[in-house]
Amino acid sequence: MLRATALKNIQWEKDLALFSVHFDGDITTDHKVSVRVLANTYQHMQRSIDRAYLLDKYGVVEKYERLTKAEYRETDFIAAYPEEGGIVLNAVKQGAELLVDRIYAATSVVFQSAVNQAFERHQSMAQQLTDRRRYAHQMGDRTRPFVDVQENPPQVWSAAYSNRSIVKEIDQLVGQITRSDLETSRVDITLHGSRPQLPLVFTPSIAGSFHKIAADRELGPPMIARVRIRILDAGNRTTKPNAKILNLDSLREVNLHLSNDMDFAALHPFHNGDDEVRIHVCPILEAKGFDLKGGDLMFLRVA
């Protein structure tokens, strides 16, 4: 059953989808929240709805994908008046049940893992990078080409990346209660799509575990990509070297992460924007997902 307080100001109609956020505890003052919390909450509610819409319409969400002007109307939920009882923020839309179902499906899996503290612990990124470089050096030109991976990608990558695009917005919404001075705070998210769901109840501890899963990054398998170096930056005292490359297999410009000055030096001879160079790279997986068209890559070595 949905909370009565979450619905008391809404005239319920058939096919009315609900996205409800209920704050309680230290984050509230006299049944109110700060303008910053209010703005961040509505912003991330809307962004998660936008991601769910793109996933529902196109079957996948690609990096940097945005709504067209015409699509904004399809994702405009109406904000109801805030309610007391902590503070309850409701957003509703007629005929948007599938979008809310998408948000619940993506969020509930990570939420249950966070409740059970069931997040996977990987080797450090430094150790993963060492292992991938060793593999690329040993395999040389026998390393799998990027275009082959593009034609036969791991099935989990696209789905996991699309779900993560929703989950990262929920992560930033619930992360507002994880400050050390908000230890008694709580945020409940209620999603009513094609059917009502039990609220997802986040304490600061659960929100912290949720973030660890949502922000999880690891390195995927090495590949050989054909690229042109568009931008090469040596970095400074606070930032590592980095590059932007045109991936000639996907015809997309993507970020290439470099780990040190030696990586910069290895790529510098090819930095004119015209030369094609074959390099060993590996995808940077985010919550086990990766966008093969626009996802960030880690540089391993020149092939």
Side-chain angles (χ1 to χ4, degrees), residues 1-24 27-28 31-61 65-111 162-177 186-202 207 210 214:
M1 294 291 292
L2 291 174
R3 295 186 312 274
T5 55
L7 302 175
K8 66 182 182 182
N9 288 335
I10 299 174
Q11 184 178 357
W12 196 259
E13 302 174 29
K14 185 180 178 182
D15 301 331
L16 188 65
L18 170 74
F19 190 143
S20 180
V21 179
H22 175 204
F23 287 105
D24 208 349
I27 199 169
T28 67
H31 304 293
K32 299 178 179 66
V33 290
S34 68
V35 171
R36 190 185 311 279
V37 170
L38 187 70
N40 286 338
T41 299
Y42 279 132
Q43 179 185 54
H44 293 300
M45 288 170 73
Q46 184 61 61
R47 286 182 176 178
S48 66
I49 291 165
D50 293 347
R51 301 293 98 186
Y53 174 85
L54 292 170
L55 179 56
D56 186 61
K57 184 171 183 177
Y58 301 108
V60 66
V61 180
E65 189 168 8
R66 295 292 182 267
L67 298 176
T68 65
K69 185 177 180 180
E71 290 171 335
Y72 277 98
R73 186 179 303 169
E74 302 296 321
T75 59
D76 277 342
F77 275 55
I78 302 301
Y81 288 110
E83 300 172 2
E84 296 184 359
I87 180 171
V88 182
L89 308 176
N90 294 317
V92 296
K93 183 175 178 63
Q94 194 81 30
E97 301 94 328
L98 291 180
L99 302 189
V100 174
D101 287 345
R102 290 276 191 188
I103 297 170
Y104 182 81
T107 305
S108 60
V109 174
V110 180
F111 173 78
S162 296
N163 285 337
R164 182 192 175 275
S165 71
I166 297 171
V167 168
K168 73 177 183 180
E169 302 299 340
I170 303 299
D171 175 39
Q172 293 182 76
L173 191 163
V174 303
Q176 296 178 104
I177 67 170
R186 195 179 91 173
V187 55
D188 304 353
I189 296 178
T190 298
L191 298 163
H192 187 306
S194 58
R195 61 190 179 92
Q197 302 287 352
L198 291 173
L200 305 176
V201 180
F202 290 87
F210 190 92

Visitor: Please name the pair of heavy atoms, one in V174 and one in I189, separated by the smallest distance, quoted to 0.1 Å.
Guide: CG1-CD1, 3.8 Å
Visitor: With heavy-atom distances below 4.5 Å as the criterion, would you say the side chains of I177 and F23 are in contact?
Guide: yes
Visitor: Mind checking the NZ-CG spacing from K93 to L18? Nearest 0.5 Å is all I need.
Guide: 14.0 Å
Visitor: Walk me through whether R102 and D56 qualify under salt bridge (Lys or Arg N to Asp or Glu O under 4.0 Å).
Guide: CA-CA 8 Å; R102 290 276 191 188; D56 186 61; 3.7 Å; yes
Visitor: Do E74 and Y53 come close enough that some side-chain heavy atom pair is under 4.5 Å?
Guide: yes
Visitor: Looking at H22 and V201, would you say the former's side chain and the latter's main chain have a donor-acceptor pair under 3.5 Å?
Guide: no
Visitor: Hey, do the aromatic rings of F19 and F77 have their centres closer than 6.0 Å?
Guide: no
Visitor: Main chain of S194, side chain of D101: is a donor-acceptor contact present, judged purely on distance under 3.5 Å?
Guide: yes
Visitor: Okay, side chain of S34, backbone of V37: is any donor-acceptor separation there less than 3.5 Å?
Guide: yes
Visitor: To the nearest 0.5 Å, what is the distance between CG (L99) and OG (S48)?
Guide: 10.0 Å
Visitor: When you measure from the side chain of S165 to the backbone of S162, do you find a donor-acceptor pair of N or O atoms at a distance under 3.5 Å?
Guide: yes
Visitor: Under the 3.5 angstrom rule, does the side chain of Q46 hit a backbone N or O of D76 as a donor-acceptor pair?
Guide: no
Visitor: Report yes if the side chains of V21 and D188 come closer than 4.5 Å at any heavy-atom pair, otherwise no.
Guide: no
Visitor: Taking atom CD of E65 and atom CG of L55, what is their separation to the nearest 0.5 Å?
Guide: 10.0 Å
Visitor: Can you measure from CD1 (I166) to NE2 (H44) and round to the nearest 0.5 angstrom?
Guide: 15.0 Å
Visitor: For E71 and T68, indicate whether the former's side chain and the latter's backbone hold a donor-acceptor pair under 3.5 Å.
Guide: yes
Visitor: Are the side chains of Y81 and N90 in contact, using a 4.5 Å heavy-atom criterion?
Guide: no
Visitor: Rounded to the nearest 0.5 Å, what separates atom CD1 in I103 from atom CG in N163?
Guide: 11.5 Å
Visitor: Checking Q176 against T41: is there a side-chain donor and acceptor pair closer than 3.5 Å?
Guide: yes
Visitor: To the nearest 0.5 Å, what is the distance between CG on N40 and CE on M45?
Guide: 12.5 Å
Visitor: In the structure I gave you, are the side-chain heavy atoms of L16 and Q94 within less than 4.5 Å of one another anywhere?
Guide: yes
